[in-house]
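Data first, discussion second: the structure below is written as structure tokens.
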Amino acid sequence: MGKVKNHVIALLLLVILFIIGGCGKGKSTKGPLIESDAPNKVYVEPGKYDEFYGFVSGGFSGQLAVYGLPSGRLLRVIPVYSQNAENGWGYTEETKPMLNTSYGFIPWDDSHHSELSMKDGVPDGKWIFINGNNTPRVARISLGTFRTEEIIEIPNSAGNHSSPFTTPNSDYVVAGTRFSIPVENRDVPISSYKENFKGALTFIKVAPDNGKMSIGFQLITPGFDYDLSHAGKGPSDGWFFFSCYNSEQAHTLLEVNASQKDKDFIMAVNWKKIEELVASGKGTDMTANYAHNVYDDKKHSATSEMIKKVRVLKPADVQGALYYIPCPKSPHGADVDPTGEYIVGGGKLATVIPVFAFKKMVSAIGNKEFDGDIDGIPILKYETVLAGEVKDPGLGPLHTEFDDKGFAYTSAFVSSEIVKWKVETREVVDRLPVYYSVGHLMIPGGDSKKPWGKYLLSMNKITKDRFLPTGPELNQSAQLIDISGEKMKLLLDFPTVGEPHYAQGIPADLVAKNSVKIFKIEENQHPYATKSEKDARVVREGNIVHVYMTAIRSHLSPDNIEGVKASDEVYFHVTNLEQDWDIPHGFTIMGNDNSELLIMPGETCTIKWTPKSPGIYPFYCTDFCSALHQEMQGYMRVSDKNSNVPITFSSNYKKEDTK
Ligand code: K7E
Ligand code: CUA
């Protein structure tokens, strides 16, 4: 009872402070005065490049946005989980399999966290991973093509939130479930939560050469909500740390250990030990059904395969590999400092930020200083593992990243500020208001061994008066902060795509040099590729018509097509014959109920079209590709479905040939 009362009072207090102190409304200030040198720090001259790539998750947009930093220029939106009519992602025959799941074709998701692949604990610029929160998935994006190459579904999971954080060499990316559900999922009363609902922490193996993902193993854990995570590094390499919350289970916790009632947990997972246990045959292969979708850059096509089993381990199978560290109220961030010695818990409702020492954790485990257990998972004692607390960390501390000078930066959602503190002493040294209600923050490399501690990006949930109004819906925003000096300095505001939850940053030269410019036409293995204009043709197979079309400045071949009938299934397989950088061609046809195609040099893309009634249907190139782009067009004649009009077509090649 007293506990409930305390909670209510604490929450009320937070709400009051939120209203008076935090969030926009009623606040007259438009932000701190900008230092006079701020414009120079973010101004990137026309024709000059940014210093960093910033990869900002799209949240409910389901995509990943790429910004140049410090300018805040939007460079690209990479479609991941949401169909994107702009380039046919999820609409073309080639990309539809990427959005296949055990629930069928799912054209949207909620993507919260991006995470760069790493080598020796440092981002290496090869790939970036991003989670699908709603229909549990993890995607891998190539930083050569800036395209989603692979999506794997996570079985036994629901709300894939503590994901896709990686180990220092990207041996694994993790996927921890936010919602516990029955494993395996079945029809049970929700009131049977405690007995039937379980968490699942999934370790996805990443092949070092090509990045291919496969589920290594899955831990079936007590029914908490697993919120965020980060891998250990340096001395703590081999461990993973997951924050978890869920007051219902805190009720269960009372039975086990009543003295810990105001705390949730960070779960420490010795994944290297579990990897060995799995190799020696521990665990069981559970029947499952989950999609594994892979895009092939040579075939320019994706395949989707359903996988039927997953290796699962229960706490009893992995004794000595799982521990709970008590952590004040509803921790969000579980962040490991660059040395790998400290683990920081971001307790959303806590009044301090706990900093745990890995060394202390190891010796507490060695001395078996436990305070009971949950399902056989020992609970460590808070004080025994604690290095110290950051006092006065701001209200609603959420997430912490680090610079290269021994400082940590924590976002405080409720008090809308960034709090800078010294990792060794936990002493707060600076604070800066942000506008408004910051969620995560990002420093390039700030969750790695080697932060490039020059800028900090604050990702804010509420923008209110920061930009020109755009009706009831305002974009979320990012604020760029200079952290190179003693005092943080606000440099720039820019609106973002979707709702950014987390981001990654990396020096531009680690990525730019590997950027793919074209696909080589001679390497095109698409089964419907047309590699030369002379092969452009139209082929009827029953009521299916394949159009083998080529696009090159400034014509489509064939350009006039007859003999197609209403209710035929027409597949336009368009190959872009260009071999120059940045010369895409587009394709669309009148009345098409699908999307356009946007075909990169050397690539083949396919759109399906089912004409419904006879008539003449113009088609054209949608991407302004040359001075004669507007001439890049053609006609499709559609006849009645009982007509006998034979298939004929004209092409540029034939015209020239007969001259
Ligand atoms: Cu804080 Cu989903 Cu990481 Cu949103 S989450 S902010
Ligand atoms: Cu091709 Cu416009």
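Both ligands and their constituent atoms are indexed starting at 1 by order of listing. Just so it is clear, the model here is predicted, and its values are computed rather than measured.
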(request) Using a cut-off of 2.8 Å, find all protein N, O or S atoms closer to atom 1 (Cu) of ligand 1 than that distance. (result) H332 NE2, H440 NE2
(request) Could I get the full list of ring-ring contact (aromatic ring centres under 6.0 Å, His included) partners for Y67, not counting sequence neighbours? (result) F494
(request) For atom CD of Q630, decide whether the heavy atoms of other residues, nucleotides or ligands shown that lie under 6.0 angstrom number more than 12. (result)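 For Q630, atom CD is not crowded (no more than 12 foreign heavy atoms under 6.0 Å).
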(request) Identify whether the distance between the nearest side-chain nitrogen and carboxylate oxygen of D110 and R137 falls below 4.0 Å. (result)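 Between R137 and D110 there is no salt bridge, as every charged N stays at least 4.0 Å from the carboxylate O atoms.
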(message) So that I can tick it off, tell me whether E499 and K461 are bridged by a salt bridge, with the cut-off set at under 4.0 angstrom between side-chain N and carboxylate O.
(response) yes
(message) Taking the cut-offs as 6.0 angstrom to the six-membered ring centre and 45 degrees off its axis, would you call K420 and F407 a cation-pi pair?
(response)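 Because its charged atom sits under 6.0 Å from the ring centre and within 45° of the axis, K420 does stack over F407.
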(message) Check for me whether R76 meets the cation-pi criterion with F146, that is, NZ or CZ under 6.0 Å from the six-membered ring centre and within 45 degrees of the ring axis.
(response)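 Cation-pi check for R76 and F146: fails.
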(request) Using a strict 4.0 Å cut-off to heavy atoms of K461, name the atoms of ligand 1 that fall inside it. (result) 4 (Cu), 6 (S)
(message) So if I count the atoms of ligand 1 from 1 in the order they appear, which ones are less than 4.0 Å from some heavy atom of H113?
(response)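 Under 4.0 Å from H113, ligand 1 has these atoms: 2 (Cu), 3 (Cu), 5 (S).
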(request) Using a 4.0 Å heavy-atom cut-off, say whether H161 meets ligand 1 through its side chain, its backbone, both or neither. (result)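 Side chain only.
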(message) Donor-acceptor check, side chain of Q504 to backbone of F55, threshold 3.5 angstrom: yes or no?
(response)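 Checked: no pair found.
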